[in-house]
Every structure is written in C-alpha cells, then in structure tokens.
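Data block below; observations after.
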Amino acid sequence: MRDRWQRHHWPIGLVSALVCLGPGVAISPATAADAYVSTRGAADGVSWSEDLSRVDSDDVNVRHSHDGLRLRDPDTRTASARSGRGYGSQVLAPRTLDRPVNRVRAELMARLPSGARVTVEVRGGSADGSWTEWREVAATAVALPRTVSTVQARVTLTDESGGARVSGLRLTADRGPEPRAAAGAGAAAVSARVFATREGLVGGTTANGHVIQPNDHFVALPSRRGLSPNGGGQYSVQVCGPARCETAPVWDVGPWNTRDDHWNPSSLRESFPDLPQGKPEAQAAHENGYNGGLDGSGRRVTNPAGIDLADGTFADIGLTDNGWVTVTYLWTGGQSGTPSPTPPGSAHSGNSPGARIHDESADTVTPFHCHTIQPSGSHTVRPSRVVRAAANGAAPGRGASRRPASCR
C-alpha cells in the first residue's frame with residue numbers, strides 16, 4: 001500500500017482516567033498505512049511539544065533520526081510477555097506546569113507502515129512525589145484521577161518492519177471539574193492472592209529496558225499501567241511467600257497478558273471489566289474457562305499466573321516452585337509509590353535498588369484490602385493489615401518479616 005497521510009479529529013470529552021488519544025493513542029493503521037492523529041486543545045490550557053530527540057537510559061530500543069523516533073532493532077522483544085518482535089519505548093521528561101491540571105490531550109504525528117502501532121500514555125505527578133498510573137491517550141480529553149502539577153508521557157512503538165516513525169507529539173493540559181477526592185494518607189492499598197511464576201530469562205530485556213541479571217529482584221505485572229521506568233520504583237509491590245515478604249519494583253509486563261490491570265476496580269479496568277477486582281484474566285481462563293480458556297492474545301492459558309517474579313525475589317520469599325503468593329500493590333493506597341530506603345539491619349540482595357526484604361524491627365503496620373477469589377469464582381473483600389511475624393521461627397528482629405494476617 002502506498003504511504004499517505006490522514007487527519008483524524010476527535011471531539012473533546014471526559015472519562016474517568018488520565019489521557020486523551022484512542023484506546024491508546026494507540027494508533028495503528030486500520031484504514032491507511034500512515035496516520036496523523038490529533039485532538040483540539042482548550043483555549044485556556046497549557047500546551048507544549050515533546051522533545052523526541054532526547055533518548056537516554058530509561059528508553060528501550062529506540063533512536064532518533066532526521067525523520068523522527070524509530071526502533072533501533074526491529075527484532076527486539078520483551079521478556080515476560082514473550083511478545084512479538086519490534087518493541088521500543090521512550091519515557092519523556094516530566095513537565096512541571098505553572099498551574100494545576102486534571103485533563104490531558106495529545107496531538108501525535110506518525111508514519112506507520114501496515115501492521116505497526118504507536119501508543120502514547122501519560123501520567124500525572126503531585127508535589128509529594130506520587131504519580132497516578134499510566135493511561136493510554138484516548139480519542140477525547142480524559143480526566144486525571146486527581147489534580148496534578150506535573151505531566152509525563154511515554155511513547156511505545158510496536159513495529160516488526162522497523163519502518164514506523166514518530167515525528168511529533170504535542171500535549172495540552174487544562175483543569176476541568178474536580179475529580180473525586182483521592183485516597184488519604186492512611187488509605188488501604190489493594191492486596192490479592194495470585195499465582196506467581198519464576199521469570200528467569202537472565203540476559204533478556206524487560207519492558208522498561210532493564211537487562212535481567214542473575215539473582216535479580218523485580219516483578220512483572222500484566223499491564224503497562226503500573227510499569228516503573230528503568231531503575232525506578234514508583235510502582236512497587238509487596239509480595240509475600242511461604243518464608244517472608246519482599247518489596248520489589250514493577251519492571252516488566254506479563255505474564256500472559258499486557259492489558260490486564262487486575263488490581264483496579266472492574267469499572268476502571270483496562271480490559272476484562274466483567275472480572276472481579278483482584279482476579280487476573282489468566283486465572284479466570286485457567287480455572288473457569290473464561291474467554292474460552294485463552295489469554296488476551298488468543299493463546300491457551302496453561303497456568304493461572306498473575307505475576308512473574310525475578311529469580312532473586314522468587315527465592316528470597318521462600319518459593320521453590322511456582323505457587324500462590326499475596327501481592328499488595330503499594331501505589332494503590334495513600335502512599336507515594338516510591339520504595340523507602342532499605343532499613344538498617346534488613347536483608348537485601350540482588351541488583352534492584354528498590355527491592356528489600358522486610359525486617360520486623362524497621363517495619364510499620366500498613367492497612368490494605370484482601371481480595372480473595374476462589375476457583376469457583378466467588379469473591380470476597382476483607383480489610384486487613386500487615387502484621388509482624390517471625391519467619392521460620394526466627395526471633396523478632398532477626399529474619400522476621402511482614403505478612404498479611406488475613407490473605408492466606
């Protein structure tokens with residue numbers, strides 16, 4: 001098909017999320033090989049053009065040339081999701097604004113050969129250092145979960161041919177009706193019992209560009225909404241196994257799915273909104289035949305995994321084989337989402353600066369909600385909290401760890 005340009009203008013509206021461009025500016029050439037996508041900005045908004053030429057250490061397999069942002073190597077794929085070839089991502093610099101905002105629009109210019117896709121995601125940051133989750137930019141202006149002072153964008157290319165080019169991205173942010181009040185500082189983080197598998201894949205590259213090391217410490221979750229930039233820990237989980245708990249950053253996407261933010265309420269879930277909060281699609285497919293027993297890409301699901309654990313994390317929480325763990329999604333509560341420094345005397349190993357094993361002498365009690373899903377599909381939610389418990393009979397303060405009291 002001969003390359004050609006198309007303009008698409010979408011009306012401005014509101015949805016309870018954080019973006020403004022299409023089921024993910026997700027531009028893919030449904031009707032043409034190339035596309036020009038834009039949304040009209042409000043007259044009272046603040047607009048800026050992103051600098052796509054600055055490629056640095058938290059970007060994955062992209063480079064910038066005279067005709068725009070492109071993949072560096074079309075054969076690159078991510079580790080946990082076992083995705084197809086042609087993956088790259090650029091995390092753009094945060095933009096601190098001179099006014100509070102709670103809506104974002106985008107205007108993207110891209111040349112897309114047949115089969116290629118470009119996704120733009122944005123998130124909002126507050127003065128306390130906390131971030132909203134990433135959201136794909138939709139066809140209309142979308143309300144952020146809360147009013148913020150900083151906006152950051154991420155551009156992802158999926159292109160086996162290597163011919164896609166992104167030549168421009170312009171964002172407009174403004175302030176609309178105030179969103180519902182955000183969770184307070186003491187609000188509970190969401191917790192769920194999910195099946196964990198060992199990621200392994202040493203030497204592979206994660207979705208945020210981290211090269212997997214022996215005895216590494218991080219996790220993979222099946223949605224990019226909670227993916228931290230390379231080396232960062234804004235989105236971290238506490239995962240509790242048979243022996244102890246560890247806090248580790250989310251550095252990869254998978255297993256099975258890439259659009260299954262199962263920790264979010266069904267009404268806000270990116271995909272599979274008919275599943276209860278806390279139940280991964282792969283678990284429903286494996287146990288209940290959901291979606292014909294297939295994952296979101298049409299593959300037969302052979303285990304119910306909702307989280308992948310790097311080798312060091314897998315071993316340190318006491319797993320010797322794939323199994324059930326309790327996962328607390330720390331950014332969902334009234335927390336900053338940034339892991340605290342490793343406390344003195346706590347066990348810590350591996351290569352991830354955000355990962356740590358909890359020592360009871362340094363821990364605090366944290367409330368959260370337990371989402372328990374039985375194989376039959378029944379779903380219960382119970383308030384709980386992290387309590388102190390010695391691991392393997394260790395005395396308090398020596399090898400002790402935090403463990404949820406009610407999510408067992």
Side-chain angles (χ1 to χ4, degrees), residues 77-83 190-207 210 212-223 226-227 236-258 260-263 272 275 278-291 293-297 299-329 349-352 355 357 370-377 391-392 401 403-404 407-408:
R77 65 186 71 200
T78 59
S80 181
R82 281 74 165 179
S83 62
V190 173
S191 185
R193 189 79 166 163
V194 298
F195 192 79
T197 48
R198 185 178 69 86
E199 178 154 348
L201 304 174
V202 172
T205 301
T206 68
H210 173 69
I212 301 174
Q213 305 297 312
N215 197 42
D216 220 336
H217 289 253
F218 66 87
V219 306
L221 293 179
S223 170
L227 178 66
S236 294
V237 298
Q238 182 191 71
V239 56
C240 295
R244 59 185 64 85
C245 301
E246 178 178 302
T247 297
V250 183
W251 281 359
D252 206 359
V253 178
W256 295 111
N257 290 297
T258 60
D260 182 21
D261 51 327
H262 55 258
W263 53 88
F272 319 114
L275 291 177
K279 186 164 191 173
E281 189 276 344
Q283 180 183 344
H286 187 263
E287 295 177 346
N288 311 115
Y290 179 84
N291 193 35
L294 307 177
D295 70 359
S297 299
R299 298 175 298 181
R300 178 66 55 184
V301 175
T302 57
N303 64 53
I307 187 171
D308 264 350
L309 307 180
D311 289 356
T313 301
F314 187 90
D316 283 348
I317 66 170
L319 289 177
T320 57
D321 196 1
N322 299 334
W324 295 93
V325 297
T326 297
V327 181
T328 303
Y329 308 87
S349 60
N351 303 281
S352 300
I357 299 173
C370 289
H371 291 255
T372 303
I373 317 260
Q374 302 298 333
S376 63
N392 298 326
S401 63
R403 178 178 299 278
C407 287
R408 298 188 181 186

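Note that the coordinates shown come from a computational prediction; the quantities given were computed from them, not determined experimentally. The residues of the chain are indexed from 1 along the displayed sequence.
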- Query: Is a side-chain donor-acceptor pair under 3.5 Å present for E246 with T313?
  - Reply: yes
- Considering residues at least two apart in sequence or located in another chain, which fulfil the side chain to side chain contact (heavy atoms under 4.5 Å, CB included) criterion with N303? F195, T197, W256, A305
- Message: Determine whether the aromatic ring centres of residues H217 and F314 are separated by less than 6.0 angstrom.
- Response: no
- Message: Donor-acceptor pair, distance only, cut-off 3.5 Å: does the side chain of N257 make one with the backbone of G296?
- Response: yes
- When every non-hydrogen atom of G312 is compared with those of N215, the smallest separation belongs to CA-OD1, 3.2 Å
- Task: Among T328, V325, T326, V250, find the one that has a side-chain contact (heavy atoms from CB on, under 4.5 Å) with V237.
- Result: V250
- Looking only at heavy atoms, the pair that brings A248 and V219 closest together is CB-CG1, 4.1 Å
- side chain to side chain contact (heavy atoms under 4.5 Å, CB included) evaluation trace for D252 with L221: CA-CA 7 Å; D252 206 359; L221 293 179; over 6 Å; no
- Message: Quick one, I212 and E199 - any side-chain contact, counting heavy atoms below 4.5 Å?
- Response: yes
- Message: Going by the rule side chain to side chain contact (heavy atoms under 4.5 Å, CB included), which residues pair with A284 if we only count those two or more places apart in sequence or in a different chain?
- Response: L275, K279, N288, Y290
- Message: Measuring only between side-chain heavy atoms, which start at C-beta, is P242 closer than 4.5 Å to W324?
- Response: no
- Item | Trace of the salt bridge (Lys or Arg N to Asp or Glu O under 4.0 Å) decision for D311 with R198 | CA-CA 6 Å; D311 289 356; R198 185 178 69 86; 2.9 Å; yes
- Message: Assess whether a salt bridge exists between R244 and D316, defined as any Lys/Arg side-chain N lying under 4.0 Å from an Asp/Glu carboxylate O.
- Response: no
- Message: Could you measure the distance from the CH2 atom of W263 to the OG atom of S191? Nearest 0.5 Å is fine.
- Response: 13.5 Å
- Task: Classify the angle between the aromatic ring planes of W251 and F218 as parallel (below 30°), tilted (30 to 60°) or perpendicular (above 60°).
- Result: parallel
- Once you round to the nearest 0.5 Å, how far does OG1 of T302 lie from CG of D295? 9.5 Å
- Message: Could you go through I317 and V239, starting from their C-alpha distance and side-chain angles, then the distance that decides it, and tell me whether this counts as side chain to side chain contact (heavy atoms under 4.5 Å, CB included)?
- Response: CA-CA 8 Å; I317 66 170; V239 56; 4.0 Å; yes
- Task: List for me each residue that meets side chain to side chain donor-acceptor pair (under 3.5 Å) alongside D261, sequence neighbours excluded, and say none if there are none.
- Result: R225, N264
- Minimal heavy-atom distance between A243 and G318, with the atoms involved, is CB-CA, 3.8 Å
- Donor-acceptor contact below 3.5 Å, side chain T78 vs main chain T206: no
- Message: The test is side chain to side chain donor-acceptor pair (under 3.5 Å); show your working for D216 and H210 and say whether it passes.
- Response: CA-CA 10 Å; D216 220 336; H210 173 69; 2.6 Å; yes
- Query: Counting N and O atoms only, with roles assigned by atom type, does the side chain of D260 sit under 3.5 Å from a partner on the main chain of P222, one being a donor and the other an acceptor?
  - Reply: no
- Query: Do R300 and L294 pass the side chain to side chain contact (heavy atoms under 4.5 Å, CB included) test, and can you show the C-alpha distance, the side-chain angles, and the key distance before you say yes or no?
  - Reply: CA-CA 5 Å; R300 178 66 55 184; L294 307 177; 3.7 Å; yes
